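What follows is a short report on a single structure.
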2 protein chains.
Amino acid sequence: MEYNDKQQQIISTAEKLFASNGFDGTSVRDIATEAGVNLAMISYYFGSKEKLMQAVFAMRTEHMRLRFQTLLENKDLAPLQKVYLLVDDYIDKILEQQEFHKIMMREQMINKNSAIALMICETKKRNMELIKKLINEGQKAGQFKKNIDVMLLMTTLIGTTSQLVTTQHFYREVSNHQDMPDDEFQKHLKKKLSTHLKSLFKALLTYEN
Amino acid sequence: MEYNDKQQQIISTAEKLFASNGFDGTSVRDIATEAGVNLAMISYYFGSKEKLMQAVFAMRTEHMRLRFQTLLENKDLAPLQKVYLLVDDYIDKILEQQEFHKIMMREQMINKNSAIALMICETKKRNMELIKKLINEGQKAGQFKKNIDVMLLMTTLIGTTSQLVTTQHFYREVSNHQDMPDDEFQKHLKKKLSTHLKSLFKALLTYEN
DNA sequence: AAAAACTAATTAAACGTTTGTTTAGTATTA
DNA sequence: TAATACTAAACAAACGTTTAATTAGTTTTT
């Protein structure tokens, strides 16, 4: 689907407002005002508020697939290095689209059986299969230990990242980074999270205990 | 604050509906119908929908404080064992009140500066100070390594638990536990999570790398 | 002990807003 | 001139809250 400037403007405004106020907490009038368009344009272009939400999802998920897959094809890297690449790739993806990620997390909590929830579920399954393959490689190479619960590993990856993203204002306060410009803080966040998750993965994948 | 039977009924119905549909996604009429009380009783008893939400929070947070503190006073346990106790205590607490936890997570995302968000923030800070003390003990005893980022440690604890709780239906499906009765599944979840987080904490606190 | 006065609990109905969506008409563009 | 873009106004439904009236239970007065 291709959108003109005005439609793009509506979509990104909707994304921002849905992220900070929730779907039900955002009125179509809020979106129209903030986007600087007439109220009726939203129904005109998207049909309904619900379909506008779906447009937000469509935009964000369109180029999301197949991002990990190239990792597996690179045979030159050690299994652990591949896992590190995957972790950084995931962190990048989430930090790049924080607003959308918030929406996704909330939708996952609320609508257990909506079309959107099913889509999230499918993406997760696909990603899990990829990670499983990657870990199997490492196990066959004798570099990873046996009995690794991939599901819990993913849960920690997703959970830690989500938690840090949604409570970054808290992190900013506690670590006295309130005066830091936001782009610099984002870099700091990424670096910290990357280091943390990598040492965590290394421990869970390689150490016997 | 003490509540009569009817008020309790309203509060727990509200908790359930807020958890599954969100605050804005739940109407006062929904709550009244589900709780089997007249619509006006909610305003009569609680003043407003917002104050009803606060009542839910008040109920759940009243006896939440000082739960960890006894852990620190027990001098007979090794530092790592104390951390293990803390992890299990946290898991128990979250799994006991999953519905409320969902509400809290969502509120944290949305209302960055509400009274509720501030309360959550304070609780977190207090808990972090306790964990810091606990870790310092272990470091002085030479059993924990230096340079431990307590904030990220907490983020992983909270994040992993939250993520597993909110996507437990997914976990159920992937691990083929759909036919398992719910109380048994909850026990299974608790056990899995406990093992996972403990080995994770052990790695992050003790191994040098 | 009976009657009256008072308090709290409960109800159906209505209040004024806000909601998402539609309509009917006007401007713009190709 | 035909199609598309756009607008102000109106729509009915749903919303949180309030009202006025009724019931039930307790206290006070006679």
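In this text, all values refer to a predicted model and were calculated from it rather than measured experimentally. Numbers restart at 1 for each chain; the letters A, B, ... are given by sequence-line order, proteins then strands. For the numbers below, each heavy atom of this structure counts, side chains included, while hydrogens, waters and symmetry mates do not.
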**Request:** Have a look at Y45(A) and say if it touches a base, only the backbone sugar-phosphate, or nothing, with a 4.0 Å heavy-atom cut-off.
**Result:**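 Sugar-phosphate only.
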What is the distance from [atom1] of [X] to [atom2] of [N], rounded to the nearest Å?
X      : N       : atom1 : atom2 : answer
D5(B)  : dA9(C)  : CG    : P     : 13 Å
F46(B) : dA9(C)  : CZ    : P     : 12 Å
D24(A) : dT18(C) : CG    : P     : 18 Å
Q9(B)  : dA9(C)  : CD    : P     : 17 Å
I10(A) : dA5(D)  : CD1   : P     : 12 Å
N4(B)  : dA24(D) : CG    : C1'   : 15 Å

**Asked** So, do F57(B) and F100(B) have ring centers that fall under 6.0 Å from each other?
**Response**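 Yes: the rings meet the under 6.0 Å criterion.
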**N-O pairing of D88(A) and K190(A) below 4.0 Å** =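 So D88(A) does not pair with K190(A) through a salt bridge.
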**Prompt:** Between M53(B) and E107(B), is a side chain to side chain contact (heavy atoms under 4.5 Å, CB included) present by the stated rule, with each step listed?
**Reply:** CA-CA 11 Å; M53(B) 173 73 130; E107(B) 279 302 303; 3.4 Å; yes
**Asked** Only one of E99(A), E15(A), E96(A) forms a salt bridge (charged side-chain N to carboxylate O under 4.0 Å, His left out) with R60(A), so which one is it?
**Response**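 Looking at E99(A), E15(A), E96(A), the match for R60(A) under the salt bridge (charged side-chain N to carboxylate O under 4.0 Å, His left out) is E15(A).
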**Asked** Any chance CG of D182(A) has more than 12 other-residue heavy atoms, nucleotides or ligands included, within less than 6.0 Å?
**Response**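 Enclosed: over 12 neighbouring heavy atoms sit under 6.0 Å from CG of D182(A).
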**Request:** Count the heavy atoms of every other residue, nucleotide or ligand shown that sit under 6.0 Å from NZ of K124(A), and state whether that count exceeds 12.
**Result:**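 Yes - once you tally the heavy atoms of other residues, nucleotides and ligands closer than 6.0 Å, there are more than 12.
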**Prompt:** So F23(A) and R106(A), side chain to side chain contact (heavy atoms under 4.5 Å, CB included) or not? Walk me through it.
**Reply:** CA-CA 9 Å; F23(A) 181 78; R106(A) 209 165 20 227; over 6 Å; no
**Item:** Axis-to-axis angle between the two ends of the helix from dA1(C)-dT30(D) to dA30(C)-dT1(D) (five base pairs per end, rounded to 10 degrees)
**Value:**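 Axis angle across the helix from dA1(C)-dT30(D) to dA30(C)-dT1(D), nearest 10°: 10°.
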**Donor-acceptor pair between Q168(B) and Q98(B) side chains, under 3.5 angstrom** =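 Per modelled atom types, Q168(B) and Q98(B) side chains form a pair under 3.5 Å.
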Expected rows: protein N/O vs nucleotides 7-15 of chain D N/O, under 3.5 Å:
| residue | atom | partner | partner atom | Å |
| --- | --- | --- | --- | --- |
| dA8(D) | OP2 | N38(A) | ND2 | 3.2 |

